[in-house]
2 protein chains.
Amino acid sequence: MGRKSLKEIRQLEIIKMFYKVAKKEGYENTSIAKIAKVMDINPSLIIHYFETKEDLTYALIDYILDRYLLIYSIKSKDGITKEDLKQTIVLLFSKKWNTLFDDGLFYTFYALAFREKKIKAKYKTILDSLRLALADMISQCNARQEIQVPAPKTTADFIFVILDGAYFYLSMETDKNAYALRLESYKQKAFELLGITA
Amino acid sequence: MGRKSLKEIRQLEIIKMFYKVAKKEGYENTSIAKIAKVMDINPSLIIHYFETKEDLTYALIDYILDRYLLIYSIKSKDGITKEDLKQTIVLLFSKKWNTLFDDGLFYTFYALAFREKKIKAKYKTILDSLRLALADMISQCNARQEIQVPAPKTTADFIFVILDGAYFYLSMETDKNAYALRLESYKQKAFELLGITA
DNA sequence: ATATAAATTGAATGAATGTTCAATTTATTT
DNA sequence: AAATAAATTGAACATTCATTCAATTTATAT
């Protein structure tokens, strides 16, 4: 009896709008009232679905990290070929996903992780799962004898170190040409590690 | 006539306290009132020395980036030997400066740079100057024929890519042992790039 | 001592914050 | 049509925020 629950639907709507506003104006400038205003609903409705702003923030972080995983689209599946591996590297070192994903917010919450263990754990999980998935791909290609990479786990980790370090610097680079050239050279390093010619 | 200006002294005092409070409670939770309370002064005095909170924030960022440069202590000087270079790498890949420097705040403002061009420019300048200084050290060692590194600038850049990428991941690592082992392996990579045995 | 200028205080501002709670609206079942 | 339960609103809450401005204190030079 009574009314059908809209909880999950509304929650997702709110999170998405939170993401949208925070992307534009920054997380620290995004209040519950602002989100409510844009959605043309009452602020107390947001509190109704997320008891505190903290809960809402955690939900947003989960949303962002899920997207982060998705965009990288490294799937744990069988039958990975050298070509799959190659395409994955190309994808990792391309920034076409940039339009879908907001680096600013990703780093904002990354910074927050330094003071909040829960967030730190979330990030760690994501970073580890990406490494694991890439290592698995490398192992499969090894098994097929398409490549000979001595330590798949270490190599996968190092490729992500390069990737993260690359974007850390490149995010501050405004010159598009310089950006592209550098990114390309970092990609080459990754290919070298895998013994693949691009 | 009149009173001697305390402007610079007070400003520095305020910045230092801002840093201290923000380090403990986070930048977004640090208000002018809080800083004033800890300093046992009136909030309006802070506004008197920094017209807006924005100005105060910029000052704090400058303070942090100056420290960042200092702690890495890569100096542009002549007469660099292979041993100096070696020690610099060891320093870069050690975290003894961790106690002096707050990563959380560094990343907080790094994240802020995505929305504020001014901050982005500041960070870019720092990142570039570090790379340039290291490249210069490598070149000097090349000239002494102590090492043979083909492209000093590219190599210096790549070492910092590894360094930044390493800390990006390691900051989320809570296991101290795993942390130390990984950091050591990344350092070895840097030494390999320089053709130096550690 | 007096003048001067900077340091510092204190009170007040309006706006925005997250959150509460009771009242009302709306959809669904019987 | 009546009952029910969730959705949604609206008003109110105390708190905190950055900032203002006039008043006062304090140090220095003449």
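Per chain, numbering begins at 1; letters A, B, ... match sequence-line order.
As a whole-Å value, the separation of R3(A) CZ from dT30(C) P is 17 Å. Whole-Å rounding puts the L45(B) CG to dA6(C) P distance at 14 Å. Between I35(A) atom CD1 and dT19(C) atom C1' there is a gap of 14 Å when expressed in whole angstrom units. The CG-C1' distance, from N42(A) to dA22(C), rounds to 13 Å in whole Å. Distance NZ (K37(B)) to C1' (dT9(C)): 17 Å, rounded to an integer number of Å. Following rounding to the nearest Å, H48(B) (NE2) and dT9(C) (P) show an atom-to-atom distance of 12 Å. We find that CD of E51(B) is positioned 16 Å from P of dA18(D), with the value rounded to whole Å. Atom P of nucleotide dG18(C) and atom CD1 of I47(A) are separated by 8 Å, given to the nearest angstrom.
With respect to the salt-bridge test (charged N to carboxylate O, under 4.0 angstrom), the residues E54(B) and K118(B) do not qualify.
Between S5(B) and the phosphate of dA7(C), there is a side-chain N or O to OP1/OP2 separation shorter than 4.0 Å. Between R10(A) and dT8(D), a side-chain N or O to OP1/OP2 separation shorter than 4.0 Å is present. Between K4(B) and dA27(D) there is no side-chain N or O to OP1 or OP2 distance below 4.0 Å.
Remark on DNA chain C: of its neighbouring residues G2(B) and K7(B), the 5'-side contact belongs to G2(B), judged by nearest-heavy-atom nucleotide.
Side-chain atoms of Y169(B) and D128(A) include a donor-acceptor pair closer than 3.5 Å. Between the side chains of T57(A) and Y27(A), at least one donor N or O lies within less than 3.5 Å of an accepting N or O. Side-chain contact annotation: Q188(B) with E192(B), donor-acceptor N/O pair under 3.5 Å absent.
Y49(A) comes within 4.0 angstrom of the backbone, heavy atoms only, and of no base. Heavy atoms of L6(A) sit under 4.0 angstrom from primed sugar atoms or phosphate atoms, though from no base atom.
Scanning atom types as modelled, one donor and one acceptor separated by under 3.5 angstrom connect the side chain of S44(A) and the base of dG10(D).
L69(A) has its side chain within reach of L130(A): a pair of non-hydrogen atoms, C-beta onward, lies under 4.5 Å apart.
Checking dA18(D), dA6(D), dT20(C) against the side-chain heavy atoms of I32(B) singles out dA18(D) as nearest.
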